[in-house]
Peer 1: 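Have a look at this one.
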2 protein chains.
Amino acid sequence: MTPPPPESKPASSPAPAPPAGLRERKKRRTRDALLRAALELFTSQGYEQTTVDEIVDAVDVSQRTFFRYFANKEEAVFAVQEMVERQFVEQLRARPPHEPPLQALRAAVLDAWNTIGDSIEQVVPVELHMRTFQLIESTPALLAVQMRRSIETEEEVARIIAAREGLDVDADPRPRVAVAAFSGVMRMTGRLWGAGEDLSVESMRVVTAAQLDELVPALAGDWRAG
Amino acid sequence: MTPPPPESKPASSPAPAPPAGLRERKKRRTRDALLRAALELFTSQGYEQTTVDEIVDAVDVSQRTFFRYFANKEEAVFAVQEMVERQFVEQLRARPPHEPPLQALRAAVLDAWNTIGDSIEQVVPVELHMRTFQLIESTPALLAVQMRRSIETEEEVARIIAAREGLDVDADPRPRVAVAAFSGVMRMTGRLWGAGEDLSVESMRVVTAAQLDELVPALAGDWRAG
DNA sequence: AGGCTAATGACAGCCGCTGACAGTTGACAA
DNA sequence: TTGTCAACTGTCAGCGGCTGTCATTAGCCT
């Protein structure tokens, strides 16, 4: 639907390789500095309370430069998030094709959470990313964007699932429905985790697994029968 | 989590009763006029392409007045949407308590779509509301807000379901999980409907019913076994 | 009629964001 | 090395969403 312009992102690997030229390296440094400064300010004093001017002052570039790296204030918040999502999609594509849909989805998320740590650290401290995640959950404007992003991923995931099963997404409703239900639980899980105490990655994995285990039972006709 | 301030909304009935004094009636008229003008402009020339100044010029009030009735530009878009959501929640509360959770949810949505027509018409033409729905689905910024609103409703609905079953939402994960899965499918359904041709209310009901019927089958372990 | 108060208008100003233009600095070839 | 080109950046001006403030208007009540 809305693919990013080809030159704006590497679009290949979750952790972009270190670029060759001096110019490219300089760009990366500026971008990373802006990113870190932004996330640090956002998480410490709030998203809306932080002006773009504060961010650029911390990095000592012009406001215009900020908007050349990030289309808007929000985009800075979700730069890392996007890496994680791509990681998930890749993991899903790598699942053995004989797995049932739900099992593949579940395994892909949990695997993704296992391996992203390293990729993230190359850009910002993982702990900062976790605080950012919490910031998103507690800031309505950011939560809204998060939701929209997640439904954009949904369509892509639905197509992957359909392909695995040899189905047409437009002919058979099950791929989209399954992914929609799965995504609903994922979003709810993020909310629960963000509201909780333990902000570790392991905690995230535990909560995720626990909620997913309840998906099928929760849809059973009569809960009291079980 | 974030209840609106008591005086900002009637918060009682989906279709607020006609107020007594001349002052109140005048306020209602101004608000409705702003609402209609806004939706009309939004749906005809796009949300971002419409400035608040254009809206207030059409109604001949000051810009400041617009922002006294609506906290921001978005809120005008979702004023009617909110009526519909409240209607759904009320329908759900009215379901017989012996119904299984999913069945109650399904019946509540379909009933809501049956009865809202009249309530809406008191404020704006139903056809305009339907176009607005489509506008939301095709405008990223609005879709984002829509998503956030829907997860705010989710928690309330989960508590209703839990109460029906005599459960504690924090102790038993199934209410939240079931509602999350259900909501995921609902959102996806709205997206499908908005992308389709038939913008009628009946079409909405048909699509909704069809997608919900697929929820349980879609989560079955092996689709090929069926 | 006249005082009280809610609703409105007018104005100034902040902040996010964009277009245009000019200056600077790496890249690359002669 | 040097000159040219293209990319990156800073500066400035300006729009649109949104808010605070204060004076003005207009329904309400005695």
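Numbers restart at 1 for each chain; the letters A, B, ... are given by sequence-line order, proteins then strands.
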Peer 1: Arg25(B) has an atom CZ; how far is it from atom P of dA7(C), in whole Å?
Peer 2: 15 Å
Peer 1: To the nearest 10°, give me the bend of the helix from dA1(C)-dT30(D) to dA30(C)-dT1(D), comparing the axes of its five terminal pairs at either end.
Peer 2: 10°
Peer 1: Give a yes or no on this: more than 12 heavy atoms of other residues, nucleotides or ligands lie within 6.0 Å of atom CD of Gln49(B).
Peer 2: yes
Peer 1: Run the salt-bridge test on Arg131(A) and Glu127(A) with the 4.0 Å N-O cut-off and return the result as yes or no.
Peer 2: yes
Peer 1: Can you tell me if the side-chain N/O atoms of Tyr69(B) get under 4.0 Å from OP1 or OP2 in dA7(C)?
Peer 2: no
Peer 1: For a side-chain hydrogen bond (donor to acceptor under 3.5 Å, both in side chains) with Asp111(A), tell me which candidate from Arg95(A), Arg106(A), Arg205(A) qualifies.
Peer 2: Arg95(A)
Peer 1: Could you work out, with salt bridge (Lys or Arg N to Asp or Glu O under 4.0 Å) as the rule, every residue matching Glu137(B), not counting sequence neighbours?
Peer 2: none
Peer 1: What salt bridge (Lys or Arg N to Asp or Glu O under 4.0 Å) pairs are there with at least one residue in residues 55-71 of chain A, not counting sequence neighbours?
Peer 2: none
Peer 1: In whole Å, I'd like the distance from the CD atom of Glu54(B) to the C1' atom of dG17(D).
Peer 2: 14 Å
Peer 1: Take the protein atom CD of Glu75(B) and the nucleotide atom P of dG17(D), then report the distance between them rounded to whole Å.
Peer 2: 15 Å
Peer 1: Any luck finding a side-chain donor-acceptor pair between Gln45(A) and Glu54(A) under 3.5 Å?
Peer 2: yes
Peer 1: Tell me yes or no: between the side chains of Thr139(A) and Glu48(A), is some donor less than 3.5 Å from an acceptor?
Peer 2: no
Peer 1: Tell me which pairs pass ring pair (Phe, Tyr, Trp, His ring centres under 6.0 Å) where either residue lies in residues 108-156 of chain B, with sequence neighbours left out.
Peer 2: Phe133(B)-Trp193(B)
Peer 1: Do you know which of Val124(B), Leu128(B), Val126(B) makes side chain to side chain contact (heavy atoms under 4.5 Å, CB included) with Val80(B)?
Peer 2: Val124(B)
Peer 1: What is the separation between atom CD1 on Ile55(B) and atom P on dC18(D), rounded to the nearest whole Å?
Peer 2: 10 Å
Peer 1: What does the B/S/- profile of nucleotides 10-21 of chain C look like, 5' to 3', with a 4.0 Å heavy-atom cutoff to protein?
Peer 2: B-----SBBBB-
Peer 1: How many whole angstroms separate atom NZ of Lys27(B) from atom C1' of dA6(C)?
Peer 2: 8 Å
Peer 1: Answer whether the closest heavy-atom distance between the side chains of Arg176(B) and Glu214(A) falls below 4.5 Å.
Peer 2: no
Peer 1: At under 4.0 Å between heavy atoms, how does the protein contact nucleotides 25-30 of chain D? Give one character per nucleotide, 5' to 3', with B, S or -.
Peer 2: -BBS--
Peer 1: Taking all heavy atoms of Pro175(A) and all of Val169(A), pick out the closest pair and write down the distance.
Peer 2: CB-CG1, 4.3 Å
